[in-house]
Amino acid sequence: DGAILYFVGETPEQQGIYATARDSRSPPRRLCDTGPLAGPIARSGLSLSPDGQWIAMFSFIRRKLGIFIVPTAGGLPRLLEELTEWAPAVPVWSPDCHWLAFVNGKTLFRVSRDGQTREAIATLHGWQGESVRWSPDGKWIAALACETREHFMGGRPGVFVVSVADKQWRKLTPESERQYKE
């Protein structure tokens with residue numbers, strides 16, 4: 001509802017994830033002492049669940065690289081998915097708050113909020129991990145990706161949508177499209 005603002009501290013004295021009331025004059029409250037590993041294009045690297053109960057992020061905590069969630073009430077980050085390689089990624093919550101979508105390597109995944117279920121949704125030559133978005137009904141995941149090595153080398157990502165139900169993907173942009181996409 002916009003009443004609470006969440007942010008990543010950027011000064012030596014203020015490291016981690018913080019929350020503050022929009023109209024508060026009190027100091028921000030620290031939720032955890034670690035923040036996300038965000039790429040240069042990523043918004044903040046944080047993803048607030050639609051119900052406002054969780055923040056998801058890609059981070060390196062306790063010698064583990066992966067997708068973590070932190071309760072907005074505060075507490076220790078919980079590892080949902082350990083990853084083997086660093087790549088800019090911002091995990092994104094499904095509209096029903098049950099799933100997180102993220103990219104690892106050449107694959108778009110979703111993992112359940114409890115970490116018990118993990119599914120590969122689609123594999124292409126390269127996904128742009130900061131661009132992942134869910135459709136409002138939770139039936140589709142969209143992202144920018146390069147279908148082939150030639151698309152990647154030519155700097156020509158396309159807009160792709162993937163059906164969560166049958167894992168079929170479809171490229172929405174024409175082959176001739178070469179403009180910047182966001």
Side-chain angles (χ1 to χ4, degrees), residues 1-104 108-119 121 127-144 159 162 164 181-182:
D1 64 4
I4 305 293
L5 304 173
Y6 299 95
F7 65 94
V8 178
E10 296 181 350
T11 66
E13 305 81 35
Q14 191 178 57
Q15 294 293 306
I17 300 173
Y18 289 81
T20 188
R22 180 183 58 226
D23 55 2
S24 175
R25 299 202 190 284
S26 301
R29 174 177 55 91
R30 185 162 66 176
L31 302 181
C32 70
D33 62 359
T34 306
L37 300 174
I41 298 175
R43 300 174 307 275
S44 69
L46 301 179
S47 180
L48 180 65
S49 63
D51 64 4
Q53 300 298 306
W54 299 93
I55 292 176
M57 66 181 167
F58 168 66
S59 193
F60 185 76
I61 302 172
R62 296 180 300 277
R63 297 184 170 187
K64 302 275 186 186
L65 179 69
I67 304 298
F68 292 83
I69 60 173
V70 179
T72 56
L76 294 174
R78 182 171 52 129
L79 179 66
L80 281 189
E81 179 75 19
E82 188 170 1
L83 304 177
T84 57
E85 60 185 68
W86 188 95
V90 178
V92 180
W93 291 95
S94 63
D96 65 5
C97 303
H98 293 278
W99 298 94
L100 281 159
F102 64 93
V103 170
N104 187 26
L108 174 66
F109 290 95
R110 75 175 184 157
V111 63
S112 60
R113 182 178 62 201
D114 64 8
Q116 299 300 308
T117 306
R118 174 186 187 258
E119 295 179 329
I121 300 294
W127 293 92
Q128 293 184 2
E130 304 95 344
S131 69
V132 176
R133 302 289 185 276
W134 287 84
S135 63
D137 63 6
K139 294 180 180 181
W140 297 87
I141 300 173
L144 299 175
V159 177
V162 184
V164 174
K181 296 166 192 59
E182 188 170 304

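Bear in mind the structure is a predicted one, so any value in this text is a computation, not a measurement.
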So which heavy atom on Y6 is nearest to which on G52, and how close? OH-O, 4.2 Å
So do the side chains of V132 and F102 get within less than 4.5 Å of each other, counting heavy atoms only? no
Taking the side chain as C-beta and beyond, is there a heavy-atom pair between I55 and I69 under 4.5 Å? no
Which value, rounded to the nearest 0.5 Å, describes the distance between L100 atom CG and S112 atom OG? 9.0 Å
Determine yes or no for a side-chain-to-main-chain donor-acceptor pair under 3.5 angstrom, with S59 supplying the side chain and I61 the backbone. no
If you look at every heavy atom in V90 and L46, which pair is closest and at what distance? CG1-O, 4.4 Å
Work out which heavy atom in C97 is nearest to a heavy atom in S49; give both atom names and the distance. SG-CB, 4.2 Å
The side chain to side chain contact (heavy atoms under 4.5 Å, CB included) partners of V164 (sequence neighbours excluded) come to R110, W134, I141
Between W127 and N104, does a side chain to side chain contact (heavy atoms under 4.5 Å, CB included) hold up when you go through it step by step? CA-CA 8 Å; W127 293 92; N104 187 26; over 6 Å; no
Heavy-atom side-chain contact between L48 and T72 under 4.5 Å: yes
Hey, does T20 have a side-chain heavy atom less than 4.5 Å from the side chain of I4? no
Check: Q15 side chain, T11 main-chain N or O, donor-acceptor pair, under 3.5 Å: yes
Do S131 side-chain atoms and A143 backbone N/O form a donor-acceptor pair below 3.5 Å? no
What verdict does the side chain to side chain contact (heavy atoms under 4.5 Å, CB included) test give for R113 and W99, after you've listed the backbone C-alpha separation in whole Å, the side-chain angles of each residue and the deciding distance to 0.1 Å? CA-CA 5 Å; R113 182 178 62 201; W99 298 94; over 6 Å; no
Are the side chains of Q14 and F7 in touch, meaning some heavy atoms are under 4.5 Å apart? yes
Minimum-distance pair of heavy atoms, taken over all atoms of R29 and L31: NH1-CD2, 3.0 Å
N/O donor-acceptor pair under 3.5 Å between W93 side chain and S47 backbone: yes
Taking every non-hydrogen atom, the tightest pair across G115 and V111: CA-CG2, 4.1 Å
Does R118 qualify as a cation-pi partner of F109, given the criterion of NZ or CZ under 6.0 Å from the six-membered ring centre and within 45 degrees of its axis? yes
Could you give the distance from CG (L76) to CG (D33), rounded to the nearest 0.5 Å? 8.5 Å
Could you tell me which non-hydrogen atom of R133 sits nearest to which non-hydrogen atom of E130, and how far apart they are? NH1-O, 3.2 Å
State, yes or no, whether a side-chain contact exists between R78 and F68 at a heavy-atom distance under 4.5 Å. no
Within a strict 4.5 Å, meaning less than it, do heavy atoms of the I17 and M57 side chains meet? yes
Student check: side-chain heavy atoms of E81 and L79 closer than 4.5 Å: no
